[in-house]
Amino acid sequence: MDLALLRTFVTVHRAGSFTRAAALLGLSQPAVTSQIRTLERQLGKPLFLRQARGVTPTSIGDELAHKAAPHLDALVEIAESSPYDDSSPTTLHLAGPPEFTAERALPALAELIGKSHRGFALRASFGASEEVLEGLAAGHHDLAISTVRPRGALFSATALCDEEHVLVAAPRWAKRLDPDALRLKGAPALQDLPVIDVHESLPFVSRYWASVFDARPATPGTVVAPDLRAVLACASAGAGVAVLPRYLCAPALDRGAVVALHDPVVPPLRTYFLVVRTGTLALPTMARAHEGLLRAAASWG
């Protein structure tokens, strides 16, 4: 099987379009179409379903891409690198929410760099979803982590993972709270407790109250700090109740610094999306980082 045909196939699979793949490969669209048809004839099976906007891989196409892409990326990396090459490595610019990016995404990518650092440098920026998506659209970032699934053809978004939200407080507040009252009364049982959140609008507390208690918080924030790690520190110090992602507060729960105040049947969840500009996954460094984060997310639980 011709490696050039496979390279074109993988580029189309990642770009989702013959037109975008042609631009990335420096070929004409008819040339890309011809190469894909040649590969399909060789295999005797269709690899893509043609649609009004772009193409969708068949199950055979997905299977071939899964098998071929990592090997092609490795060959490209070997071809483009040399022990005598003093040029600067490709730099990947990642942007996302500060806590999740610092605690989850950056360690996963750092591990990827540690395994094979050649040709891969990493730069990180922090911001809210709207901000990082604007930066991605403007070309300031290559890869973005967002809690909002963007619309439009400019972006390609993949669900990365869900995070569970937990209502926590220091043990002394838990002792003052009657579990039966919370179970029977819901939010009113918490109305006299101080509240900690990342913004005056109480985004985490309000989401939890609406999802679990079908209510709104009765009191304003007692402590407002624009970082969930600071919220956790304040909750551990006894400043009040907070709603935190389980991955972030799990160590504090394990050592008893904070206590889960409630165990709803259906806990509130928030989904993170891995977002790129459409077509950029054809680039080996982008594809490697994207696939590395998805693999890491599978073990985050």
Side-chain angles (χ1 to χ4, degrees), residues 1-51 53-82 89-90 92 94 105 108-120 122 142-143 145 155-161 272-301:
M1 190 177 295
D2 190 334
L3 287 179
L5 297 182
L6 277 177
R7 180 170 180 252
T8 298
F9 160 72
V10 169
T11 304
V12 173
H13 186 272
R14 288 172 170 168
S17 162
F18 285 177
T19 302
R20 288 191 290 270
L24 290 166
L25 293 166
L27 301 173
S28 66
Q29 182 176 338
V32 170
T33 302
S34 175
Q35 289 187 24
I36 295 300
R37 286 176 178 168
T38 298
L39 186 58
E40 288 177 328
R41 283 196 300 270
Q42 291 179 2
L43 295 172
K45 296 176 181 177
L47 297 172
F48 296 103
L49 300 176
R50 279 68 169 175
Q51 298 180 332
R53 289 189 175 183
V55 293
T56 301
T58 62
S59 58
I60 299 298
D62 272 334
E63 183 179 354
L64 179 60
H66 178 72
K67 291 180 178 178
H71 302 291
L72 284 170
D73 290 343
L75 288 172
V76 169
E77 184 175 352
I78 292 171
E80 292 181 350
S81 64
S82 165
T90 299
L92 178 76
L94 171 72
L109 289 176
E111 182 179 355
L112 185 65
I113 293 172
K115 291 178 180 177
S116 176
H117 70 277
R118 185 181 298 280
F120 191 172
L122 180 62
D142 303 308
L143 192 61
I145 297 171
F155 297 123
S156 174
T158 304
L160 182 61
C161 67
Y272 285 99
F273 297 94
L274 198 53
V275 189
V276 299
R277 291 186 299 279
T278 300
T280 56
L281 283 180
L283 303 173
T285 298
M286 284 286 293
R288 195 159 74 249
H290 192 270
E291 292 168 7
L293 284 172
L294 290 177
R295 282 196 301 271
S299 67
W300 290 341

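Just so you know, these numbers come straight off a predicted model, no measurement behind them. By convention here, the first residue in the shown sequence is residue 1.
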query = Which distance, rounded to the nearest 0.5 Å, do you find between the CZ of R7 and the CD of Q35?
reply = 9.5 Å
task = Return the minimal non-hydrogen interatomic distance between L281 and A287, and the atom names on each side.
result = O-CB, 3.4 Å
key: Sequence neighbours excluded, every pair satisfying side chain to side chain donor-acceptor pair (under 3.5 Å) that has a member inside residues 60-70   = H13-D62, E63-K67
query = Given R277 and D142, is the side-chain contact (heavy atoms from CB on, under 4.5 Å) satisfied, shown in steps?
reply = CA-CA 7 Å; R277 291 186 299 279; D142 303 308; 3.9 Å; yes
message = Quick check: closest heavy atoms across P46 and I60, and the distance to 0.1 Å?
response = O-CB, 4.1 Å
inquiry  = Quick check for you: to the nearest 0.5 Å, what is the distance between L143 atom CG and L274 atom CG?
reply    = 4.5 Å
query = Which distance, rounded to the nearest 0.5 Å, do you find between the CG of L109 and the CG of L92?
reply = 6.5 Å
ask   = Tell me, do V276 and H290 make a side-chain contact under 4.5 Å, heavy atoms counted?
value = yes
query = Are the side chain of S34 and the backbone of P30 linked by a donor-acceptor contact shorter than 3.5 Å?
reply = no
query = If you look at every heavy atom in A65 and P70, which pair is closest and at what distance?
reply = O-CD, 4.2 Å
query = Do you know which two heavy atoms are closest between G61 and F9, and how far apart they sit?
reply = O-CZ, 3.2 Å
remark   = In this structure, CG of L64 is separated from CG of L43 (nearest 0.5 Å) by 6.5 Å
query = Got a donor-acceptor contact below 3.5 angstrom from the E40 side chain to the L47 backbone?
reply = yes
task = Tell me, with the steps shown, if L94 and L122 meet side-chain contact (heavy atoms from CB on, under 4.5 Å).
result = CA-CA 7 Å; L94 171 72; L122 180 62; 4.3 Å; yes
message = Are the side chains of Q42 and L5 in contact, using a 4.5 Å heavy-atom criterion?
response = yes
message = I need the R295 CZ to E291 CD distance, nearest 0.5 Å.
response = 6.0 Å
request  = Specify the closest pair of heavy atoms between A296 and S299, including all atoms of both residues, with the distance to one decimal.
outcome  = O-OG, 2.8 Å
query = When rounded to the nearest 0.5 angstrom, what is the spacing between CG in L160 and CZ in F273?
reply = 10.0 Å
Over all atoms of both residues, closest heavy-atom pair of F48 and V12 = CZ-CG1, 3.6 Å
